[in-house]
Amino acid sequence: MKILLGIPGGIAAYKAADLARLLTKRGHTVRCVLTEAGSRFITPLTLASLTGEPCFGANPDMNEWRPSPVIEHIELARWGDLVAIVPATADSLGKTANGLANDLLSTILLATTAPVLWAPAMNTAMWEHPAVQANVARLKSFGHAMVEPVEGILACGEEGAGKLADIERIADAMRALGSVRQPSLMGKRVLVTAGPTREDLDPVRILTNRSTGSMGIEIARSLRDVGAIVHLVLGGDLAAPYGIETLRARTAAQMMSACAELWPRMDGCIAAAAVADQRPETIAGEKVKKGDGPENLVLVRTPDILLNLGAQKREGQWLLGFAAESEHHIDHAHGKLMKKKLDAVFVNDISNGKAFGDQENTLTPVVAQGPQAALGPLPKDRLAQALVGWWAERLGLQIENQK
Ligand SMILES: Cc1cc2nc3c(=O)[nH]c(=O)nc-3n(C[C@H](O)[C@H](O)[C@H](O)COP(=O)(O)O)c2cc1C
């Protein structure tokens with residue numbers, strides 16, 4: 001993707017350098033445009049060196065309105081697949097919200113027809129000011145996207161809302177905005193489950209597993225990118241992805257009730273969560289002391305989410321599950337598919353400690369007719385795209401390649 005990264009004069013401008021580096025490492029072409037104030041915080045030399053592309057805008061090396069055979073603001077506006085402003089200042093938000101264009105960046109922002117993303121950062125009182133909030137609402141009404149600032153300790157020493165969102169989240173929002181929507185998957189409602197469950201033994205001890213939730217989160221992102229409306233039910237500690245309605249669930253019972261509530265309204269479900277099969281029969285109210293602990297733990301069954309969803313599956317709904325197996329992979333997966341009325345099971349080979357937490361993985365889809373060609377080995381983000389593409393193809397839907 002060709003990304004135009006506008007950098008106005010906020011104290012968080014140094015984080016834009018990290019973002020430019022991250023995006024370049026991920027294979028995007030990034031061109032930075034500095035405002036006059038932005039160039040007081042970060043140098044064009046840093047940005048040009050990190051991106052391998054020239055840095056535009058107000059800076060000592062390159063006159064903003066230099067004589068040129070091309071009209072630079074129009075050329076740049078046409079060049080970008082996406083324009084992102086990081087960190088968006090109160091001033092830059094206000095200018096574009098009101099149609100002002102008195103420097104290269106603000107002029108590009110009026111001239112572009114590409115998606116625009118703002119990641120604001122400022123003092124809490126500034127962020128909460130009605131003028132700033134009105135400008136943000138106005139920009140959203142133009143179809144511009146926002147990665148809202150978060151709460152934290154700000155550079156001015158205050159604590160509150162106004163801190164620049166995490167750069168990984170900003171990069172995720174850019175990915176979502178720059179993706180090729182697929183007409184066939186637009187508007188389809190898909191439930192995705194991800195992550196481990198945690199069953200309490202007492203206030204400090206839990207029964208859990210080694211799943212992180214990264215595979216399910218990547219599947220949710222891939223579905224979001226092609227235009228599906230994704231509902232994610234997420235266990236574990238990983239951050240919720242951008243633009244996805246996310247419900248946090250700690251225990252198997254919580255995950256079950258969240259899924260049961262959503263399922264009747266969904267077109268399909270991909271269940272990638274590693275749900276505990278058992279939980280302790282009782283949860284001690286106080287921390288169990290060394291000598292008092294029971295010799296054996298008494299465990300009881302947790303609700304079987306996939307079995308329940310399968311039993312309630314209506315005509316036209318599809319249900320895909322995962323099986324983490326360390327032996328007889330295909331036989332076990334096929335048994336699970338039949339018992340739980342699944343349309344496909346993706347088999348994860350976890351022998352020798354593979355799959356959980358790893359960045360690269362292989363999945364073998366198993367359908368009623370038997371195992372299919374394996375997907376991978378691939379990094380989990382690419383594997384998730386391959387999985388969504390494979391399923392869309394089986395449904396007879398077309399998927400175009402992402403940039
Ligand atoms: C040290 C310093 C830090 C600043 N940090 C911010 C900030 O975080 N957010 C913001 O909206 N403005 C901040 N400002 C104010 C902007 O720099 C000022 O409004 C400027 O005119 C913005 O111009 P621009 O939007 O064209 O880059 C800061 C100013 C200074 C001197």
CE-CG distance between M174 and L22, expressed to the nearest 0.5 angstrom: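 The CG atom of L22 is 9.0 Å from CE of M174, to the nearest 0.5 Å.
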Gap between atom OG1 of T96 and atom CG of L139 - 0.5 Å precision: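 Interatomic distance, L139 CG to T96 OG1, rounded to 0.5 Å: 6.5 Å.
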Backbone N/O of V30 and side chain of H28: donor-acceptor pair under 3.5 Å: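 No, the answer is negative, given that no donor and acceptor are paired below the 3.5 Å cut-off.
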Backbone N/O of A274 and side chain of N209: donor-acceptor pair under 3.5 Å: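 Confirmed, N209 side chain pairs with A274 backbone.
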Cut-off 3.5 Å, no hydrogens considered: what does the side-chain donor-acceptor table look like for residues 228-236, sequence neighbours left out?
residue, atom, partner, partner atom, Å
H231, NE2, R189, NH1, 3.4

Within 6.0 angstrom of Q312 CD, more than 12 heavy atoms from elsewhere: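 Enclosed: over 12 neighbouring heavy atoms sit under 6.0 Å from CD of Q312.
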Neighbour count >12 (heavy atoms, 6.0 Å) for atom CZ, R382: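 No, CZ of R382 has 12 or fewer neighbouring heavy atoms, counting only those of other groups under 6.0 Å.
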Distance-only check: which donor-acceptor pairs under 3.5 Å involve side-chain atoms of residues 196-203, not counting sequence neighbours?
residue, atom, partner, partner atom, Å
T197, OG1, A276, N, 2.8
R198, NH1, D237, OD1, 3.1
R198, NH2, D237, OD2, 3.2
E199, OE2, A252, N, 2.9
D200, OD1, R250, NH2, 2.5
D202, OD1, V204, N, 2.9
D202, OD1, R205, N, 2.8
D202, OD2, R205, NH1, 2.4
D202, OD2, V288, N, 3.0

Residue from V132, L154, T89 passing side chain to side chain contact (heavy atoms under 4.5 Å, CB included) with M122: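 Single side chain to side chain contact (heavy atoms under 4.5 Å, CB included) partner of M122 among V132, L154, T89: V132.
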Candidate pair E148 and K140, rule salt bridge (charged side-chain N to carboxylate O under 4.0 Å, His left out), full reasoning: CA-CA 12 Å; E148 307 274 339; K140 285 184 184 170; 2.9 Å; yes
Ignoring hydrogens, what is the shortest heavy-atom contact between [X] and [Y]? Give both atom names and the distance.
| X | Y | result |
| --- | --- | --- |
| A111 | I74 | CB-CD1, 4.0 Å |
| L307 | K339 | CD1-O, 3.7 Å |
| A97 | F142 | O-CZ, 3.7 Å |

Pairing residues for D343 by the side-chain hydrogen bond (donor to acceptor under 3.5 Å, both in side chains) criterion, not counting sequence neighbours: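 Per chain and number, D343 pairs via side-chain hydrogen bond (donor to acceptor under 3.5 Å, both in side chains) with K313.
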Which residues share a side-chain hydrogen bond (donor to acceptor under 3.5 Å, both in side chains) with E151, sequence neighbours left out: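 Residues passing side-chain hydrogen bond (donor to acceptor under 3.5 Å, both in side chains) with E151: none at all.
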Validation row: S222, L387 side chains within 4.5 angstrom (heavy atoms):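 The answer is no; the side chains never approach within 4.5 Å.
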Partners meeting ring-ring contact (aromatic ring centres under 6.0 Å, His included) with W390 (sequence neighbours left out):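 Partners of W390 under the ring-ring contact (aromatic ring centres under 6.0 Å, His included) test: F346.
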SB check D381 R221 (cutoff 4.0 Å):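 Salt bridge absent between D381 and R221.
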All pairs passing salt bridge (Lys or Arg N to Asp or Glu O under 4.0 Å) where residues 253-263 contributes a residue, at least two apart: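 For residues 253-263: E261-R265.
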